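Since the structure comes first, as structure tokens, the remarks are kept for the end.
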2 protein chains.
Amino acid sequence: MLDTFEGYLRRKGLRMTPQRELIARTFFGNKGHVSAEEIYKQVQKQAPRIGFATTYRTMKLLSEAGVASLRSFGDGFSRYEPALRTDHHDHLICTQCGHIIEFEDDRIESLQKTVARKHGFRVTDHKLELYGICSKCRTRKR
Amino acid sequence: MLDTFEGYLRRKGLRMTPQRELIARTFFGNKGHVSAEEIYKQVQKQAPRIGFATTYRTMKLLSEAGVASLRSFGDGFSRYEPALRTDHHDHLICTQCGHIIEFEDDRIESLQKTVARKHGFRVTDHKLELYGICSKCRTRKR
DNA sequence: CAGTCTAATGAAAATGATTCTCAATGTCAA
DNA sequence: TTGACATTGAGAATCATTTTCATTAGACTG
Ligand SMILES: [Mn+2]
Ligand SMILES: [Mn+2]
Ligand SMILES: [Zn+2]
Ligand SMILES: [Zn+2]
């Protein structure tokens, strides 16, 4: 993962700096769906000198390198999750507690392609988000 | 549609003002997927005194009243479309020309419910967007 | 009709996430 | 060593949207 990032940087004539490495390591230490600001705060604890501009820049680099996937849920933040390269998944989001469940459904995926083809589209990407209340929040309620 | 809006306002102890009526009429005169700024510009031509704050405020009211649906596609704008109340649909978006096709697929919808149930979720809302290249843009390319 | 109360308006300032600018610093190759 | 760039961090800038606030308009009361 880090190697992939380093390879991308080299290929682009960019350098793997201490700042970039720490930001990348911090990012990979998270489960996913992290905002640049969250990464920034975590990084701050280990290296208070690192600025948020560098954090934002590095998150973008990670995304360009293909090791981070950019997600935009409804809140005003851009979020990133480690891209395991092979796995695609969609999200079930609890609007009460924010808990996110990842899922993948091949039948939905293939129906999407069917629908797109029917309209003459070649799909390059898609976003499927289901919003609702998770079981935990529902039992807590009643 | 306008009546529904007026009813909502009355119920909330708010008034139907000339500004609100013009903004609402302008909004309903569009096909959909309009940003507040676009509405503002159209309204400007008929009533240059109306400010954008009022436009933004009214769009939010229309949304709260249930006659406008708020959509957030990837561009930095909040977009609204008339809510015909009965119709749900998803979107196919051309990343080249911005053309949007609306579609509905019952099989996808029901599979979504199945997936959610499997994870103990009660779904209240969902967002499905397919991004790709429309046929027109594809033929233009090669 | 006044008079009063409150919602509504519009101009301008504020917000907040993200990006940009720029001067200072680091790295590497010749 | 010396350029030539890439990198950094601080702060300014951006940009859609929201908030503030002084002023106006409407509805209601008497
Ligand atoms: Mn995920
Ligand atoms: Mn639509
Ligand atoms: Zn929950
Ligand atoms: Zn197109």
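These numbers come from a predicted model, not from an experiment. Residue numbers start from 1 in every chain, and the chains themselves are labelled A, B, ... in the order their sequence lines are given, proteins ahead of strands.
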Below 4.0 angstrom from OP1 or OP2 of [N], is there any side-chain N or O of [X]?
| X | N | value |
| --- | --- | --- |
| Thr17(B) | dT9(C) | yes |
| Gln19(A) | dG26(C) | no |
| Ser35(A) | dA17(C) | no |
| Lys60(B) | dT18(D) | yes |
| Ser78(B) | dT17(D) | yes |

Given [options], which nucleotide is nearest the side-chain atoms of [X]?
| X | options | answer |
| --- | --- | --- |
| Ala53(A) | dT19(C), dA10(D), dT18(D) | dA10(D) |
| Arg57(A) | dA6(D), dT8(D), dT18(D) | dT8(D) |
| Arg20(B) | dG9(D), dA8(C), dT17(D) | dA8(C) |
| Tyr56(A) | dT7(D), dT19(C), dG10(C) | dT19(C) |
| Arg15(A) | dA12(D), dT27(C), dG9(D) | dT27(C) |
| Thr54(B) | dA7(C), dG10(C), dT18(C) | dG10(C) |

Between atom [atom1] in [X] and atom [atom2] in [N], what is the gap in whole Å?
| X | N | atom1 | atom2 | result |
| --- | --- | --- | --- | --- |
| Glu38(B) | dT17(D) | CD | P | 10 Å |
| Arg10(A) | dC28(C) | CZ | P | 12 Å |
| Leu14(B) | dA8(C) | CG | C1' | 10 Å |
| Met59(B) | dA16(D) | CE | P | 16 Å |
| Glu64(A) | dT19(C) | CD | P | 11 Å |
| Leu22(A) | dT8(D) | CG | C1' | 14 Å |
| Tyr40(A) | dT19(C) | OH | C1' | 15 Å |
| Asp75(B) | dT18(C) | CG | C1' | 16 Å |

Kindly check if the number of other-residue, nucleotide or ligand heavy atoms within 6.0 Å of NZ (Lys118(A)) is above 12?
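Yes, NZ of Lys118(A) has more than 12 neighbouring heavy atoms, counting only those of other groups under 6.0 Å.
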Heavy-atom neighbours of Lys113(B) NZ exceed 12 at 6.0 Å:
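No, because the 6.0 Å sphere around NZ of Lys113(B) holds 12 heavy atoms or fewer from other groups.
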Evaluate Lys127(A) against Glu129(A) for side chain to side chain contact (heavy atoms under 4.5 Å, CB included), listing each step before the verdict.
CA-CA 7 Å; Lys127(A) 167 188 281 197; Glu129(A) 283 154 24; 3.3 Å; yes
Can you confirm if the aromatic rings of His126(A) and His88(A) lie within a centre distance of less than 6.0 Å?
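Between His126(A) and His88(A), which both carry aromatic rings, the centre distance is below 6.0 Å.
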Earlier contact from the 5' end, DNA chain C, for Pro18(A) and Arg49(B):
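On the 5' side of the pair lies Arg49(B).
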Residue met sooner reading DNA chain C from 5', once Arg79(A) and Gly13(B) are mapped to nucleotides
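First, find each residue's nearest nucleotide; the 5'-ward one identifies Gly13(B).
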Just call it for Phe77(B): base, sugar-phosphate, or nothing, with non-hydrogen atoms closer than 4.0 Å on any strand.
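Sugar-phosphate, backbone atoms only, no base.
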Verdict with reasoning, Ile50(B) to Gln46(B), per side chain to side chain contact (heavy atoms under 4.5 Å, CB included)
CA-CA 9 Å; Ile50(B) 294 182; Gln46(B) 311 219 275; over 6 Å; no
Taking the basic N atoms (NZ, or NE/NH1/NH2) and the acidic carboxylate oxygens, is any pair closer than 4.0 Å for Arg25(A) and Glu21(A)?
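Salt bridge flag = yes for Glu21(A) with Arg25(A).
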For Glu37(B) and for Pro48(A), find the nucleotide of DNA chain D with the closest heavy atom, then tell me which residue's nucleotide is more 5'.
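The residue mapped nearer the 5' terminus is Pro48(A).
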